[in-house]
Amino acid sequence: MLLEGKIAAASINEFLKREVSVLLESGKRPPHLAAILVGEDGASKTYVASKIKNCAEIGFKSSLINLHEKTDINELLSVIQTLNQDTGVDGILVQLPLPNHIDEQKIIEAISPDKDVDGFHPVNAGKLVQGLASFIPATPYGIMLMLEHYNIETKGKHAVVIGRSNIVGRPISILLSGNSNPGNCTVTICHSHTRNLVELCQHADIIVAALGKPEFVKADMVKNGAIVIDVGITRVPDASKKSGFALKGDVDYASVAPKCSFITPVPGGVGPMTIAALMKNTF
Ligand code: GUN
């Protein structure tokens with residue numbers, strides 16, 4: 001069965017739209033997300049544009065701050081300081097990756113943890129590890145919301161997460177292993193130094209592919225009936241497309257899908273859920 005992020009995200013968006021009207025009826029203002037984009041990276045521009053568009057669709061206020069590729073770190077820090085202090089701004093996100101001359105960690109740590117809707121600040125990451133209320137990074141949060149939307153039983157299952165990034169792999173491994181529903185999985189995190197990755201995947205009830213290598217997960221790595229969550233979304237050159245590129249997931253969908261009980265498509269799977277989760281955090 002296909003896990004259609006588009007459909008699950010639409011129901012979250014409908015819920016948030018109604019919540020915004022309740023806020024407005026009680027005389028309050030709508031939630032306000034401020035997004036900062038540094039430079040001209042094509043994929044980042046598309047992602048930020050989708051986030052801003054989604055805000056408009058559900059009645060959130062948004063501000064897009066476009067900064068030049070050569071923006072110096074102090075200028076970026078001062079924009080963040082202003083947004084931190086602005087009581088009219090609820091959520092702040094700085095789209096990653098940043099240009100090489102900017103230290104990403106310094107930027108992440110400059111955002112007030114109370115407005116850190118990406119959940120990347122060490123305070124929020126630490127709270128997540130301890131099972132305390134916190135902002136949960138949007139992609140892993142979106143995956144959990146999708147599992148919940150489709151009522152997928154995860155308790156006691158063996159989940160193999162491929163990738164250990166702070167944005168996806170690490171936090172989803174914590175969420176899936178948590179004492180929650182969805183959750184209560186036994187989790188194995190694989191990375192570039194994992195020796196028996198193929199064998200581990202073959203024993204997985206759930207595979208979360210978040211390594212950023214197009215079509216890495218092949219049919220022979222997947223057990224019959226497995227649940228496969230594809231987080232990858234890489235632009236690969238494709239002359240037959242108007243844009244000049246095609247979007248590829250980390251899973252070889254054509255060969256893997258027939259073996260799965262559930263699988264997410266790319267695009268239209270995890271992507272829309274990530275944005276819906278960001279909206280929930282901002283709300
Ligand atoms: N780059 C890739 N994913 C994300 C995300 O969830 N948030 C931000 N800010 N940048 C990203």
Side-chain angles (χ1 to χ4, degrees), residues 5 9 12 33-55 60 62-67 69 71 76-77 79-80 83-84 89-100 102-113 115-125 128 134-146 161 163-175 208-214 229-235 247-250 264 266-267 269-283:
I12 292 168
L33 174 69
I36 304 174
L37 175 64
V38 184
E40 299 291 327
D41 179 73
S44 289
K45 271 171 131 170
T46 308
Y47 297 145
V48 172
S50 301
K51 293 170 186 179
I52 297 291
K53 182 164 165 256
N54 206 113
C55 282
F60 286 11
S62 66
S63 305
L64 172 56
I65 298 144
N66 274 299
L67 298 174
E69 176 82 31
T71 299
L76 178 53
L77 287 170
V79 171
I80 293 170
L83 295 172
N84 280 343
V89 170
D90 305 300
I92 303 168
L93 79 82
V94 178
Q95 188 64 29
L96 304 178
L98 287 167
N100 286 336
I102 298 178
D103 179 343
E104 260 176 26
Q105 193 59 27
K106 278 203 177 120
I107 298 306
I108 287 168
E109 291 183 23
I111 298 170
S112 164
K115 297 190 179 187
D116 170 37
V117 284
D118 264 328
F120 296 160
H121 192 287
V123 165
N124 285 315
L128 179 69
S134 66
F135 286 118
I136 304 170
T139 302
Y141 187 21
I143 294 170
M144 298 301 274
L145 292 170
M146 177 142 65
V161 175
R164 57 181 162 185
S165 72
N166 288 340
I167 296 183
V168 189
R170 186 79 59 196
I172 193 65
S173 72
I174 291 158
L175 289 165
V208 179
L211 70 161
K213 287 202 174 147
I229 310 289
D230 189 350
V231 181
I233 185 148
T234 305
R235 290 179 166 197
L247 295 172
K248 291 263 183 241
D250 287 349
T264 59
V266 175
V270 172
M273 292 309 294
T274 295
I275 298 186
L278 172 70
M279 297 297 125
K280 267 181 84 90
N281 278 345
T282 305
F283 186 83

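Just so it is clear, the structure is predicted and the values come from calculations on it, not from any experiment. Note that ligands are numbered from 1 as they come in the structure, with each ligand's atoms numbered from 1 the same way.
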Tyr47 side chain near Ile233 side chain, heavy-atom distance below 4.5 Å =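 SC-SC contact between Tyr47 and Ile233 confirmed.
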Hey, does the side chain of Thr274 reach the backbone of Gly142 with a donor-acceptor pair shorter than 3.5 angstrom?
->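 No, because the side chain of Thr274 does not come within donor-acceptor range (under 3.5 Å) of the backbone of Gly142.
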For Ser134, what residues pass the side chain to side chain contact (heavy atoms under 4.5 Å, CB included) criterion, not counting sequence neighbours?
->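 With neighbours one apart ignored, the set is Asn124, Lys127, Leu128, Ile136.
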For Lys106, side chain to side chain contact (heavy atoms under 4.5 Å, CB included) partners two or more places apart =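 Per chain and number, Lys106 pairs via side chain to side chain contact (heavy atoms under 4.5 Å, CB included) with Ile73, Asp103.
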Roughly how far apart are Leu278 CG and Ser50 OG, rounded to 0.5 Å?
->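 If we round to the nearest 0.5 Å, Leu278:CG and Ser50:OG are 11.0 Å apart.
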Just list the N/O pairs, ligand 1 to protein, that are under 3.5 Å apart, with the distance for each.
| residue | atom | partner | partner atom | Å |
| --- | --- | --- | --- | --- |
| ligand 1 | 1 (N) | Gln95 | NE2 | 3.4 |
| ligand 1 | 1 (N) | Leu96 | O | 2.9 |
| ligand 1 | 7 (N) | Asp118 | OD1 | 3.1 |
| ligand 1 | 7 (N) | Asp118 | OD2 | 3.4 |
| ligand 1 | 9 (N) | Val94 | O | 2.9 |
| ligand 1 | 9 (N) | Asp118 | OD2 | 2.6 |
| ligand 1 | 10 (N) | Gln95 | NE2 | 3.4 |
| ligand 1 | 10 (N) | Leu96 | N | 3.0 |

Could you pull out all donor-acceptor pairs under 3.5 Å where a side-chain atom in residues 34-42 meets a protein atom, sequence neighbours excluded?
| residue | atom | partner | partner atom | Å |
| --- | --- | --- | --- | --- |
| Glu40 | OE1 | Lys45 | NZ | 2.6 |
| Asp41 | OD2 | Ala43 | N | 3.4 |
| Asp41 | OD2 | Ser44 | N | 2.9 |
| Asp41 | OD2 | Ser44 | OG | 3.0 |

